Amino acid sequence: MEFNLQNLEAALKAGRKYTYLPFSLHFFESVPSTNQTLWNLLNQGAISGTVVIATVQSAGRGQWGRQWISPIGGLYVSVAISFDYKIEATDSYQLTFASAWGIASQLRQRGVDVGIKWPNDLVLNGRKLGGILTETKVNKGQITQAVIGVGINWTNPVPETGINLESWQGSQNFRPISCLEMLTCTVLLGIESGMECLCQEGVSILLSRYLDLLTNMGDKVYVNNLSGTVVGVTPQGNLRVDLETDDTKELITPEIYIEPGTISLGYHKSSV
């Protein structure tokens, strides 16, 4: 599958409202993992805004050390970001939320009705379109550097819970994303706009935008055999769940916070 870097550079130039990240593009046919390749480049002196794009990953990583299957036909891209102001190590999920919101909103502006599944998945028609993996370098409790890795299903085969963008576009009467280069451009502009929102406007505005696109709001979940409802997300990335109580004297519903990775929210058809 051919990938045209000049087309991507032209699309980025045409599409950018601001240049928050000085994109420096590196394309590889195959790498073990775009995140790892980018960390290697950073160790050799690459700067914030460096981008690694690959046609195939032979050892892609997902959240919590899971393998991310990365067949030909998907988009696999990682972006390096450095910080000259303080982001606490405990706030690393804000980077994931910024990227998820930015990418989803850019795709929505083009007419692809993408939502977000907590904490880091992009969903379309209730099925997984892509995922985000944020890795950070920490010094004295502060994040100094981050690599944002994104995998999006373009033409590659997907499991039953997944969807690829080309098959979805085939069922529409229009084709908003014409090629893989345009999808890459949309993802990069999304990460840039998400980081710009977090850094310039702050986490509370970012979170409210993230929640607007969160497909899990109002979902029923079960925690330790208790029923609850998803009502939001904390700035640290935890899911906010209101538990239902049987005690009628209880005037307030106890709210609990669930860390990413401790429960799994399934995929469901959604009108978001």
Side-chain angles (χ1 to χ4, degrees), residues 2-28 34-35 37-38 41-42 45-55 74-85 87 94-116 120 122 124 129-135 143 145-152 154 165 169 174-203 205-210 212-213:
E2 290 297 313
F3 190 95
N4 190 315
L5 265 186
Q6 277 133 334
N7 286 0
L8 173 56
E9 282 168 352
L12 281 171
K13 202 170 180 182
R16 297 181 91 173
K17 294 186 182 69
Y18 39 75
T19 50
Y20 188 73
L21 292 169
F23 289 134
S24 164
L25 307 174
H26 300 258
F27 176 75
F28 300 87
T34 55
N35 272 22
T37 302
L38 186 46
L41 288 174
L42 289 169
I47 60 165
S48 181
T50 301
V51 177
V52 167
I53 305 155
T55 306
L75 170 62
Y76 312 109
V77 59
S78 296
V79 183
I81 299 162
S82 298
F83 301 95
D84 49 12
Y85 62 97
I87 291 190
Q94 293 173 12
L95 307 179
T96 300
F97 290 170
S99 303
W101 168 75
I103 295 167
S105 61
Q106 287 285 328
L107 284 165
R108 290 170 77 91
Q109 283 170 35
R110 292 189 181 275
V112 185
D113 206 12
V114 173
I116 300 167
N120 66 314
L122 300 166
L124 183 59
L129 177 68
I132 296 162
L133 177 65
T134 300
E135 296 176 331
I143 296 171
Q145 231 171 16
V147 163
I148 312 285
V150 180
I152 293 191
W154 171 241
L165 197 50
Q169 292 192 141
F174 71 118
R175 196 162 174 258
I177 306 288
S178 60
C179 58
L180 189 57
E181 291 85 354
M182 185 191 263
L183 177 59
T184 310
C185 174
T186 306
V187 167
L188 292 177
L189 294 179
I191 293 171
E192 183 171 55
S193 66
M195 291 303 155
E196 204 250 358
C197 175
L198 175 61
C199 300
Q200 306 297 326
E201 300 182 72
V203 69
I205 287 177
L206 170 69
L207 267 186
S208 72
R209 291 177 177 176
Y210 175 88
D212 283 345
L213 300 185

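The figures that follow rest on heavy atoms only: side chains count, while hydrogens, waters and symmetry mates do not. Worth saying up front: this structure is predicted, and the values here are computed from it rather than measured. For the single chain, residues carry numbers from 1 onward in sequence order.
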### Query
Between Met195 and Ser99, is a side chain to side chain contact (heavy atoms under 4.5 Å, CB included) present by the stated rule, with each step listed?
CA-CA 7 Å; Met195 291 303 155; Ser99 303; 3.5 Å; yes

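With sequence neighbours excluded, the residues satisfying side-chain hydrogen bond (donor to acceptor under 3.5 Å, both in side chains) with Thr186 are Arg110. Shown here are the side-chain hydrogen bond (donor to acceptor under 3.5 Å, both in side chains) partners of Ser82, two or more places apart in sequence or in another chain: there are none. Scanning for side-chain contact (heavy atoms from CB on, under 4.5 Å) contacts around Ala11 gives Cys185, with sequence neighbours left out. Every residue meeting the side-chain hydrogen bond (donor to acceptor under 3.5 Å, both in side chains) condition with Glu201, not counting sequence neighbours, appears here in chain and number order: Arg209. For Ser208, there are no side-chain contact (heavy atoms from CB on, under 4.5 Å) partners, not counting sequence neighbours. Listed by chain and residue number, Glu166 satisfy the side-chain hydrogen bond (donor to acceptor under 3.5 Å, both in side chains) test with Gln169 (two or more places apart in sequence, or in another chain). With sequence neighbours left out, Ala54 forms a side-chain contact (heavy atoms from CB on, under 4.5 Å) with Val31, Thr34.
What you find for Phe23 and Val79 is that their closest heavy atoms are CE2-CG1, 4.3 Å. Nearest heavy atoms, Leu189 versus Gly15: CD1-O, 3.8 Å. Closest non-hydrogen pair, Leu25 versus Glu9, comes out as CD1-CG, 3.5 Å. When all heavy atoms are compared, the tightest approach of Glu135 to Leu133 is OE2-CD2, 3.8 Å. The two residues Leu206 and Ala98 make their nearest non-hydrogen contact at CD1-CA, 3.6 Å. The two atoms that bring Gly111 and Phe174 nearest to each other are O-CZ, 3.4 Å, heavy atoms only.
Judged by distance alone, the side chain of Ser78 and the main-chain N or O of Asn35 form a donor-acceptor pair under 3.5 Å. Distance alone, capped at 3.5 Å, is enough to place a donor-acceptor pair between the Asn120 side chain and the Ile132 backbone.
Between the CD atom in Glu181 and the CZ atom in Phe3 there is a gap of 5.0 Å [rounded to 0.5 Å]. In this structure, Cys197 SG and Glu192 CD are separated by 13.0 Å, a value rounded to the nearest 0.5 Å. Atom CG of Leu213 is separated from atom CH2 of Trp101 by 8.5 Å, given to the nearest 0.5 angstrom. Taken to the nearest 0.5 Å, the CG atom of Leu5 stands 7.0 Å off from the CZ atom of Phe27. Atom CD1 of residue Ile87 and atom SG of residue Cys199 lie 5.5 Å apart, to the nearest 0.5 angstrom. In this structure, CD1 on Ile116 lies 12.0 Å from CG on Leu129, to the nearest 0.5 angstrom.
Contact annotation: the side chain of Thr96 never approaches that of Ile148 to less than 4.5 Å [non-hydrogen atoms, C-beta and beyond]. Between Val51 and Ile53, some side-chain heavy-atom pair lies under the 4.5 Å cut-off. No side-chain heavy atom of Val203 sits under 4.5 Å from any side-chain heavy atom of Phe97. Using a 4.5 Å heavy-atom cutoff, the side chains of Val77 and Val52 are not in contact. Between Leu95 and Ile81, the closest side-chain pair of non-hydrogen atoms is not below 4.5 Å. No side-chain heavy atom of Val187 sits under 4.5 Å from any side-chain heavy atom of Thr184.
No option in Leu42, Leu41, Thr134, Thr37 other than Leu42 meets the side-chain contact (heavy atoms from CB on, under 4.5 Å) test with Val147. Exactly one residue among Leu122, Ile103, Leu165 makes a side-chain contact (heavy atoms from CB on, under 4.5 Å) with Val114. That residue is Leu122.
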